[in-house]
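By convention in this document, chain letters (A, B, ...) are assigned in the order of the sequence lines, proteins followed by strands, and residues within each chain are numbered from 1.
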Amino acid sequence: MGWLQEFYNQNSSTINFFGLNAILGLSIYLTLAAGLLSLANAGFMAIGAYVSALLTIHGHWPFWAVLPGGALVAALVAVPLGLPVLRLRGVFLAIATIGFGEVVRLFFINWDYAGGALGINGIPQQTRWYHIFGLLLVLLYCFWRLRGSRTGFAWEAIREDESAARTMGVNTTFYKLLAFVLGAFIAGLAGGLQAHLRFIVDPNDYGFGEAVDILVFAVVGGMNIFVGPVLGAGLITVLPEALRHLRSFGIQPGPDRTLVSGVVLLLVILFLPRGLVSLFTEAPRSWARREEPVAPPA
Amino acid sequence: MLLQLDAVGKAFGGVSAVDGVSFGVAQGQVHGLIGPNGAGKTTLINLISGLMRPDRGAICFDGQRIDRLPPYRVAALGIRRTYQNIRLFPAMTARENVTVGQHTRRTDTLLERLWFSPRVAAEERRLRDEALRLLARVDVSDLAEVRASNLSYGDQRRLEIARALGSEPRLLLLDEPAAGMNGTEARALGRLVRSLVGDGLTVLLVEHNVRLVMEVCDGITVLDFGRVIADGTPAEVSRDEAVIAAYLGTDDDQAADVQETIATLETAAGSLIEPAPAQGEAPRPGAETEAR
């Protein structure tokens with residue numbers, strides 16, 4: 001086990017950030033599975049991070065309580081936001097939720113109690129790798145059991161055809177709000193874990209860029225099944241680190257690395273439009289499809 | 001009357017799509033709703049299923065006002081519909097489509113699924129078997145695990161009916177179920193509808209295939225420009241001059257032609273109606289054994 005310990009010591013920040021990003025990827029997968037293109041999760045992450053950090057520093061709450069506390073506040077904010085906003089579809093919902101993210105960022109920048117533009121410093125580092133990966137495992141188990149459930153089918157039906165879902169007895173308003181609020185809760189948990197991992201909370205870390213990054217985890221990984229965003233988070237977190245070793249090939253850190261990173265993302269999107277996960281799910285299925293009974297022409 | 005419409009009206013901008021429509025559908029009947037294009041048939045289906053709210057009038061189902069309820073509440077009362085332009089869940093398999101249809105009958109919660117509750121597992125097995133039986137009833141059982149978007153047109157239409165039946169509805173609204181079907185397929189559909197009614201279902205059938213409507217329906221309401229112009233048995237309706245005028249137009253120059261056409265239609269209707277009971281009766285036992 002010595003080599004494992006050594007590997008972790010050398011790469012602990014990459015490993016932990018992969019776990020956090022995977023959790024964030026799952027949080028946006030939840031809304032995407034219900035057909036909602038929401039970019040609000042960076043904002044919910046900020047709420048989770050701020051609230052949990054303030055509860056630790058000013059409230060002296062124990063670590064096990066600040067995480068759900070922060071996530072709960074994020075989920076509570078999601079309810080009044082979701083009720084009007086979830087009437088929008090597609091890019092209109094995306095734009096409205098980007099707006100929400102900006103409001104959250106500007107709110108924290110102007111909130112002096114929480115450090116204003118400087119954010120919060122000196123948060124005790126209480127997050128351990130097993131907190132992150134324990135939560136990730138619990139979430140993966142929940143997502144696995146969600147497939148085929150009444151709720152899972154309701155979300156899938158809404159994504160496929162919302163109007164038809166309504167006439168099948170699915171209370172679409174409730175299920176869309178449920179996906180939005182649960183996604184906010186998960187993003188809030190990730191925010192709390194992140195704040196207690198890297199000592200600081202900076203309001204500018206939760207802007208438009210972070211919102212898009214979270215979406216990219218899901219797009220690159222694949223949105224058809226819940227393991228997709230985890231794979232996407234893995235690639236995008238590990239890729240820049242792995243590219244460091246390319247220095248021996250004359251690729252310099254900085255702009256070159258970003259370029260290579262972008263090219264890899266482009267290749268994934270061009271050649272694996274259903275995401276990385278299709279490498280594992282499509283290949284066996286394309287063999288199976290030949291066995292699949294094909295409907296005779298009408 | 002299981003379903004009763006009372007002076008229902010709906011306008012889009014200045015256009016009155018449905019204008020004071022009243023009629024009733026009795027329990028255990030197939031009721032036809034016909035009329036030229038733009039007569040307001042699909043609007044009426046949308047009003048009954050709750051996707052639209054009427055501007056005035058009342059819609060009652062089993063004695064309860066349903067015209068102010070959201071669609072999912074209407075569906076929960078036991079009213080299901082199909083769509084004129086097929087609206088399946090394309091990325092889901094045929095069986096999964098029926099499973100969504102069973103939504104209102106499922107009682108599982110996520111917490112119960114997390115600890116593998118045996119009650120939920122039993123319920124899922126029961127509904128799954130039932131979904132497969134429904135697929136067999138509409139002749140798509142061998143395609144249960146095929147994505148809905150890969151099914152042929154006729155299979156998609158029948159799958160939509162199976163999805164609607166998944167909830168064990170009391171009233172089924174069929175919006176042009178035979179559109180795009182050939183004669184054989186349409187006759188099979190007619191037998192299916194009759195066999196469903198044999199099991200206690202009530203059906204409101206919107207259809208352009210007049211032959212199918214005449215064969216299958218117990219009563220018919222004819223709409224034109226959003227108004228009811230005739231209401232009665234297939235025999236009565238096919239002899240109604242207002243109906244014939246609506247379908248063929250009334251131009252004084254063509255009055256003689258129209259008279260002639262009426263005569264042709266009457267004989268055609270007669271020949272259609274006479275053998276109808278025989279055709280309606282004969283396949284029914286067969287269709288029912290098929291369904292078992």
Inset, instruction - Count the heavy-atom pairs under 4.5 Å between each of B:Gly180, B:Ala75, B:Pro70 and chain A, then report the option with the highest count. - result: B:Ala75
Inset, instruction - Can you tell which part of B:Leu51 gets under 4.5 Å to a heavy atom of chain A, answering side chain, backbone, both or neither? - result: side chain
Inset, instruction - Considering non-hydrogen atoms only, spot the tightest contact between B:Val100 and A:Ala157 and give its length. - result: CG1-CB, 3.7 Å
Inset, instruction - Quick one: sort the B:Phe116 and A:Tyr141 rings into parallel, tilted or perpendicular, breaks at 30° and 60°. - result: tilted
Inset, instruction - Please report the shortest heavy-atom distance between A:Ser163 and B:Arg87, naming the atom on each side. - result: CB-NH2, 3.4 Å
Inset, instruction - Using a cut-off of 6.0 Å, state whether more than 12 heavy atoms not belonging to B:Phe12 lie near its atom CZ. - result: yes
Inset, instruction - Rounded to the nearest 0.5 Å, what's the gap from CG on B:Asn46 to OG1 on A:Thr167? Could you check? - result: 9.5 Å
Inset, instruction - Please round to the nearest 0.5 Å and tell me the distance separating atom CZ of A:Phe153 and atom CD of B:Gln102. - result: 9.5 Å
Inset, instruction - Tell me, yes or no, whether the heavy-atom count around B:Arg68 atom CZ, taken from other residues, nucleotides or ligands under 6.0 Å, exceeds 12. - result: yes
Inset, instruction - Report the distance from atom CZ of A:Arg147 to atom CZ of B:Arg113, rounding to the nearest 0.5 Å. - result: 10.5 Å
Legend entry - B:Arg106 versus A:Arg150, closest heavy-atom pair with distance: O-NH1, 2.9 Å
Inset, instruction - Considering non-hydrogen atoms only, spot the tightest contact between B:His103 and A:Tyr175 and give its length. - result: CE1-OH, 3.4 Å
Legend entry - Structural part of B:Arg73 lying under 4.5 Å from a heavy atom of chain A: neither
Legend entry - Qualifying residues under salt bridge (charged side-chain N to carboxylate O under 4.0 Å, His left out), relative to B:Glu168, sequence neighbours excluded: B:Arg105
Inset, instruction - Taking the side chain as every heavy atom from C-beta outward, state whether A:Glu160 and B:Pro90 have any atom pair closer than 4.5 Å. - result: yes
Legend entry - Heavy-atom proximity to chain A below 4.5 Å, by part of B:Ser167: neither
Inset, instruction - Report yes if the side chains of A:Asp161 and B:Phe89 come closer than 4.5 Å at any heavy-atom pair, otherwise no. - result: yes
Legend entry - Among the listed options A:Val170, A:Thr151, A:Leu146, the residue most often paired with chain B at heavy-atom distances under 4.5 Å: A:Val170
Legend entry - chain A interface, residue from B:Ser49, B:Ala76, B:Ala91, B:Gly101 that has the most non-hydrogen pairs under 4.5 Å: B:Ala91
Legend entry - Residue, of B:Gly50, B:Ala164, B:Pro71, that accumulates the most heavy atom pairs under 4.5 Å with chain A: B:Pro71
Inset, instruction - Nearest 0.5 Å please: distance from the CG atom of B:Leu111 over to the OG atom of A:Ser149. - result: 11.0 Å
Legend entry - Contact winner vs chain A - B:Val120, B:Ile79, B:Asp108, B:Thr104, heavy-atom pairs under 4.5 Å: B:Asp108
Legend entry - Exercise: identify the closest heavy-atom pair between B:Arg80 and A:Met168: NH2-O, 3.2 Å
Inset, instruction - For B:Leu110 and A:Cys142, work out which heavy atoms get closest and say how close. - result: CD1-O, 4.5 Å
